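Computed over heavy atoms, backbone and side chain alike; hydrogens, waters and symmetry mates excluded. Bear in mind the structure is a predicted one, so any value in this text is a computation, not a measurement.
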Amino acid sequence: MRVFTLALAFCAIASPCLAQTVLKSEPLLLAPYEVAFVENGTCPVGQVLKVTGAIRGLHRRKACVTLASEQASLAVATP
């Protein structure tokens, strides 16, 4: 319950911005249709893994995409 409350508070505080954050690992909690970009070495050089959240009972969508360097900033995901 604490994790859910912290995630809800984080989502309320965080505002969307032009630059996408690239995480080091895939987030455990991802809202349906929310997108996260992950650089974990599974995609070819110059590409990142785009993870899209799904509704309950369905699997997340994962695809390798190319991001421009001015579009992304590197961040560290905390488990």
[X] vs [Y] side-chain heavy atoms within contact, under 4.5 Å:
X: L30; Y: R60; result: yes
X: V51; Y: F37; result: no
X: K50; Y: V35; result: yes

Self-check item: Shortest non-hydrogen contact from Y33 toward T52
Solution: CA-CG2, 3.9 Å

Quiz item: If you look at every heavy atom in T66 and G46, which pair is closest and at what distance?
Solution: CG2-O, 3.7 Å

Quiz item: Hey, which of T42, V22, N40, L23 is the one that makes side chain to side chain contact (heavy atoms under 4.5 Å, CB included) with V48?
Solution: V22

Quiz item: Roughly how far apart are K24 NZ and E39 CD, rounded to 0.5 Å?
Solution: 7.0 Å

